[in-house]
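Have a look at the structure below, then the notes.
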Amino acid sequence: MLVVDKIMASAVTDKVKECRNRVFLGDLPDDFLRITASIQQQQEAADRQTALALQQQFVSSQTLTPNIVGRLGITVAQAKLAKNYGMTRMDPYVRLRVGHFVHETHTDSNGGKTPRWNKIMQCLLPQGVNTVSLEIYDERSFTMDELIAWTQIQLPPQVLKGETHEDWYPLTGKQGEDAEGMINLVFSFMPQAQSYAYPQPVMMVPSVGAGATPMPVYPAGPVHQPVPVLSENELKMIEEMFPAIDKEVIKSVFEANQGNKDGTINSLLQMSE
């Protein structure tokens, strides 16, 4: 009888050890208990991406018309929001409107109150337009995306004179006017005479379904110029010159200046004054 008890006790101990080995220790992953979107919602998101891609292709296929004064570069860097709405961390993205043109950033998954995008948008600036409308949405899975913050920004006069301008802008929302947090933007401008015709992009048309993959469409047109890249040594040198300016902002200004290092330094000097 004693032998049987020892065997049973040993079996129980082994079972307990096995259960303990299955226990997850540490912080839960961000996607714990997150429910994936349905096929219909994925299709709606894909349709929205397609609509935006078609609009960008249409804009890209047009040469600069007389009512376009130039190309406005807007870098959406980051935001500091007042509150996290919802049961989990928010997935924020930004929608910009310049005249009749609409642009969106990617979604910063689990960005919460401190999302970062570092997205550069090249916008055609129509004549007479001197404001930019901006909205921040929380991307949702089973409901409509929620508008959490918005603002309308008057373009700084120095931007239209060719200077690069970086600033934090207050946001309005449920917390009140200018009380929903702030967003960090960098503006640059190239007049029409110096602008080049936009190359047509390679557009990926999303398609949702079993085994379906996006179908690439290659519109005819000039090849897109490569985005200038700042080397690590150059970046370190410029960071030492401007320690108060964020590294991502420096990269954005460098790209806005088409890879011109001297122009980048001059723009950063104007920003730091």
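Residues take their numbers from the sequence shown, with the count starting at 1.
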With sequence neighbours left out, what residues match Val132 under side chain to side chain contact (heavy atoms under 4.5 Å, CB included)?
Leu72, Ile74, Leu96, Val98, Leu155, Phe187
Ignoring hydrogens and angles, tell me if any N or O in the side chain of Asp138 forms a donor-acceptor pair with the backbone of Asp91 under 3.5 Å.
yes
With clusters defined by side-chain heavy atoms of hydrophobic residues (ILVMFWY) lying less than 4.5 Å apart, directly or transitively, does Phe101 cluster with Ile120?
no
Output all residues satisfying salt bridge (charged side-chain N to carboxylate O under 4.0 Å, His left out) with Lys80, sequence neighbours left out; order by chain, then residue number.
none
Tell me the salt bridge (charged side-chain N to carboxylate O under 4.0 Å, His left out) pairs involving residues 169-186, sequence neighbours left out?
Glu146-Lys174
Got a sec, which residues hit salt bridge (charged side-chain N to carboxylate O under 4.0 Å, His left out) with Lys83, two or more places apart in sequence or on another chain?
none
Can you give me the closest heavy-atom contact between Leu81 and Gly112, atom names plus distance?
CD1-O, 3.9 Å
Are Val186 and Phe242 in one and the same hydrophobic cluster, where Ile, Leu, Val, Met, Phe, Trp and Tyr link if side-chain heavy atoms are under 4.5 Å apart?
yes
Please round to the nearest 0.5 Å and tell me the distance separating atom CZ of Arg89 and atom OG of Ser109.
10.5 Å
Answer yes or no: is there a side-chain heavy-atom contact under 4.5 Å between Ile148 and Leu171?
no
For the student: nearest non-hydrogen atoms of Asp145 and Glu139, plus distance:
OD1-CA, 3.5 Å
With Leu235 via side chain to side chain contact (heavy atoms under 4.5 Å, CB included) - residues at least two apart:
Leu230, Glu232, Glu239, Lys247, Ile250, Lys251
Within this structure, what is the CG-CD distance for the pair Asn184 and Glu166, rounded to the nearest 0.5 Å?
4.5 Å
For Asp108, what residues pass the side chain to side chain donor-acceptor pair (under 3.5 Å) criterion, not counting sequence neighbours?
none
First locate atom CD1 of Ile183, then atom OG1 of Thr151, and finally report the distance between them rounded to the nearest 0.5 Å.
9.0 Å
Once side chain to side chain contact (heavy atoms under 4.5 Å, CB included) is applied, do any residues pair with Thr105, and if so which ones, sequence neighbours excluded?
Val76, Tyr93, Val94, Trp117, Lys119, Met121
Applying side chain to side chain donor-acceptor pair (under 3.5 Å), name anything that partners Arg97, two or more places apart in sequence or on another chain.
none
Indicate the atoms forming the closest heavy-atom contact of His106 with Arg116, along with that distance.
NE2-O, 4.2 Å
If we ignore hydrogens and angles and just use 3.5 Å, is the side chain of Asn110 paired with the main-chain N or O of Met90 as donor and acceptor?
no
Rounded distance (nearest 0.5 Å) linking atom CD of Gln158 with atom NE2 of His165
5.5 Å
Taken to the nearest 0.5 Å, the spacing of Leu125 CG from Arg71 CZ works out to 11.5 Å
Please give me the minimum heavy-atom distance between Gly99 and Val129, naming the atom from each residue.
N-CG1, 3.9 Å
For Gln122 and Gly73, the nearest pair of non-hydrogen atoms, with its separation, is OE1-CA, 3.7 Å
Which residues share a side chain to side chain contact (heavy atoms under 4.5 Å, CB included) with Gln154, sequence neighbours left out:
Asn130, Thr131
With Tyr137, which residues qualify under side chain to side chain donor-acceptor pair (under 3.5 Å), at least two apart?
Glu135
Answer yes if Ile153 and Val69 sit in the same cluster of Ile, Leu, Val, Met, Phe, Trp and Tyr residues linked by side chain heavy atoms under 4.5 Å apart, and no otherwise.
yes
Testing the basics here: between Ala179 and Ala82, what is the closest heavy-atom pair and its distance to 0.1 Å?
O-CB, 3.6 Å
Residues joined to Met182 in its hydrophobic cluster, side chain to side chain under 4.5 Å directly or through other members, sorted by chain and number, are Trp168
Asn84 side chain vs Thr88 backbone, donor-acceptor pair below 3.5 Å
yes
